[in-house]
There are 2 protein chains.
Amino acid sequence: MTTERQPTLDTVAAAAGVSRATVSRVINGSPRVSPEARDLVEDTIARLGYVPNRAARSLASRRTDSVALVLREADATVLADPYLSAVIIATSQALVGTGVQLVLVNAQNDAEHQRVGEYVRSGHVDGVLLASMHADDPLPQLLVQARVPVVVGGRPERPIPGLVYVDTDNVGGAQLATERLVAAGRSRIAHIAGPPDMTAAADRLTGYHRALARAGRDAGPVAFGDFTRASGEAAMATLLDHNPDAVFAANDMMAIGALRTLRAAGRRVPEDVALVGYDDIELAQHTEPALTTIRQPVVDQARTMTELLLLQIGGQPPGDPVVLPTELVPRESA
Amino acid sequence: MTTERQPTLDTVAAAAGVSRATVSRVINGSPRVSPEARDLVEDTIARLGYVPNRAARSLASRRTDSVALVLREADATVLADPYLSAVIIATSQALVGTGVQLVLVNAQNDAEHQRVGEYVRSGHVDGVLLASMHADDPLPQLLVQARVPVVVGGRPERPIPGLVYVDTDNVGGAQLATERLVAAGRSRIAHIAGPPDMTAAADRLTGYHRALARAGRDAGPVAFGDFTRASGEAAMATLLDHNPDAVFAANDMMAIGALRTLRAAGRRVPEDVALVGYDDIELAQHTEPALTTIRQPVVDQARTMTELLLLQIGGQPPGDPVVLPTELVPRESA
DNA sequence: AAGCGCCGTGAGAGCGGTCTCACGGCTGGG
DNA sequence: CCCAGCCGTGAGACCGCTCTCACGGCGCTT
């Protein structure tokens, strides 16, 4: 039961015959230490197996060396969301070697979301990464005003001065998708859009329109879904009236829904109707036919967000938003 | 630039005209405070927007109110692993309302994995959840010896006294799968097993054998894969020599690989060969035919792990391992 | 030769809480 | 009526680290 108390700075200092201050300098890599003292202290630290106490350090230095990754809408529905998983893992990977810890904050509802502000203020973290925001989310605004370093994933609904965000090029990606259909000689290109209050969905719609305009085409019929497969099925059913020969869906799940409706309607893909999705989820490889889609650099996005956040924490002023390029993944459906 | 310093205990105490100790008691819900004092202090706290400093509290109390979720093998390969995502989200959900923070520790390689021990010792967290362990992982042993509260997901290779784990019933699940095939009147039931050094794979193999034995059958042919789709394809190719009329694959990805091989070989599923997978991944719903499989209570597992960990942190002795029931998800493939 | 500045080091004051202990006032039992 | 005991409160000692400041010693300039 006599749990060996962990060695402290004092322990090390005493064992090395120097002062606490010197040990602290060694630990923090201060240049103002003689090489002999440094070696001595380092040996002692290794010998005693000393590890600095984070709480004490944090208390004294007013830094925590940890950042929060704030998730939203993390309920059972998206429980197995591979995108989320990628963001989380990529973020934690980006932090490896920096000595910065990742604290996961899961705000399931508005009330909890509000409390994130408190949480940050209480000095738990040095900065905040915001994933999967909602359009009306006041949190980024709050954090920016409180001068808390923050980086959000995805373009916010309304521009917020001083808010750094890292987005993928939804407009460009949607253009790629649409251009693919144009290039395939399709003339009646429809779009299954996502919820218009989500910027990613809005941007993809914009890209769709832009590509058609550039190709000198009129806009085709557009149906709106909510990014679920069921909504894709329903949207496709609507679009069938227009007898399209191509469909660009704003995400893969809706594309898969559309695929199902098309098949049920006796339309062959891609012969009768070419189909392009968005996201390149795992499933897209396994549909029949395999889904042509747009890949987003999720890992890059998370990494970039993390880097930008660390820069801000390091004292640099918030820079400009970053938009990362997307890429077409050609498969069989278009 | 004059950043308003956050109010501290002293601030609140002064404003309320009481001592620091009293404010502390109110915050910690001590019963030894008069109702009047309590109300007064609570009002003051609300008025000043006071939030306790976690580092200071942690330093003084030797608690951190946070737990680590240690992941392994979290590289690009499993980046989009929906299981991981589910574990992470479920864990963080289980922590909501407890005031305990989730710190994600991503040990990509052995060296980093070792450092988790240090990390815990330095007092960062009150306890550790271990996900996706490897067979030879010394970490659980280390943590148990260091009397650090720890709960691991999945049964460890070798029993470790005092180690609490939460597993899903792999043996039972495999039995369900195999029994399904027996009940369907299949007589030559093969198995595509996972890596024998993973307990989940070993247990599923055991369940397969047990079900056959109970049904008075001889064991069928077994091929080993590594849980990837490619290995499932290869394993199925091997098994074709035995001309099975049913296959139970130890996970869905291998089942999907097997499906592909079967189709290529001109075998119809389920008419010629019935097929059962394991895990009930999203993809299983979308194969053609849809995959009959076994569902594991991932969310329950994560929640249970968290609860058991909190109990240990609360001072209770480590209890017995928990094994959660699995369930058959009947679809079209068997 | 004297003075200056810099360099390595140590002493000590916080950082913002928790928690033990002491203390005055009140209640209740003998 | 007195004193034991409890209750609510306050004082103050930490928790382990950072960081400022002071100090002695050395090399350099003048």
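Naming convention: chains lettered A, B, ... in sequence-line order (proteins, then strands); numbering from 1 in each chain. On a predicted model such as this, the values are computed, not experimentally measured, just so you know.
Taking atom CZ on A/Arg63 and atom P on D/dG16, their separation rounds to 19 Å, with Å as the unit. Taking atom CZ of residue A/Arg25 and atom P of nucleotide C/dC7, one finds them 13 Å apart after rounding to whole Å. To the nearest angstrom, P of C/dC15 lies 19 Å from CG of A/Leu9. Regarding B/Ile45, its CD1 atom lies at a distance of 10 Å from the P atom of C/dG17, rounded to whole Å. Taking atom CG on A/Leu59 and atom C1' on D/dC15, their separation rounds to 9 Å, with Å as the unit. Following rounding to the nearest Å, A/Ile27 (CD1) and D/dT18 (C1') show an atom-to-atom distance of 11 Å. Atom CZ in A/Arg20 sits roughly 14 Å away from atom P in C/dG14 (whole-Å rounding). At whole-Å resolution of the value, CG in B/Asp10 and P in D/dA13 are 15 Å apart.
The base of D/dT9 does not come close enough to the side chain of B/Arg32 for any donor and acceptor atom to sit less than 3.5 Å apart. With hydrogens and angles ignored, no donor-acceptor pair closer than 3.5 Å exists between the side chain of A/Arg62 and the base of D/dT18.
Listed nucleotides D/dC19, D/dG10, C/dG17 differ in distance to B/Ala21; the shortest reach to its side chain belongs to D/dG10. For A/Asn53, taking side-chain heavy atoms from C-beta onward, the closest of the listed nucleotides D/dG16, C/dC19, D/dG10 is D/dG16. When distances run from any side-chain atom of A/Thr22 to the nucleotides D/dA11, D/dC17, C/dT9, the shortest one goes to C/dT9.
Contact between the side-chain N/O atoms of A/Thr8 and the OP1/OP2 oxygens of D/dG16 is not found at any separation under 4.0 Å. Between D/dT18 and A/Ser61, no contact under 4.0 Å exists linking OP1 or OP2 to a side-chain N or O. Phosphate proximity of D/dT9 to B/Ser34: present, with a side-chain N or O under 4.0 Å from OP1 or OP2.
Nearest approach of A/Pro7 to A/Leu48, heavy atoms of both residues: CG-O, 3.6 Å.
Remark: of the listed residues B/Thr168, B/Val166, B/Asp167, B/Val166 is the sole one forming a side chain to side chain contact (heavy atoms under 4.5 Å, CB included) with B/Val322. The only member of A/Val26, A/Thr11, A/Val12 that meets side chain to side chain contact (heavy atoms under 4.5 Å, CB included) when paired with A/Thr44 is A/Val12.
Nearer to the 5' terminus of DNA chain D, by closest-nucleotide assignment, is the contact made by B/Pro35 (compared with the other of B/Pro35 and B/Ala56).
Here the CD atom belonging to B/Gln145 is positioned 10.5 Å from the CG atom belonging to B/Leu163, to the nearest 0.5 angstrom.
Although no hydrogens or angles enter the test, the distance criterion places no donor-acceptor pair under 3.5 Å between the side chain of B/Arg155 and the main chain of B/Pro321.
Residue contacts for B/Ala37: at a heavy-atom cut-off of 4.0 Å it reaches the sugar-phosphate backbone alone, with no base atom in range.
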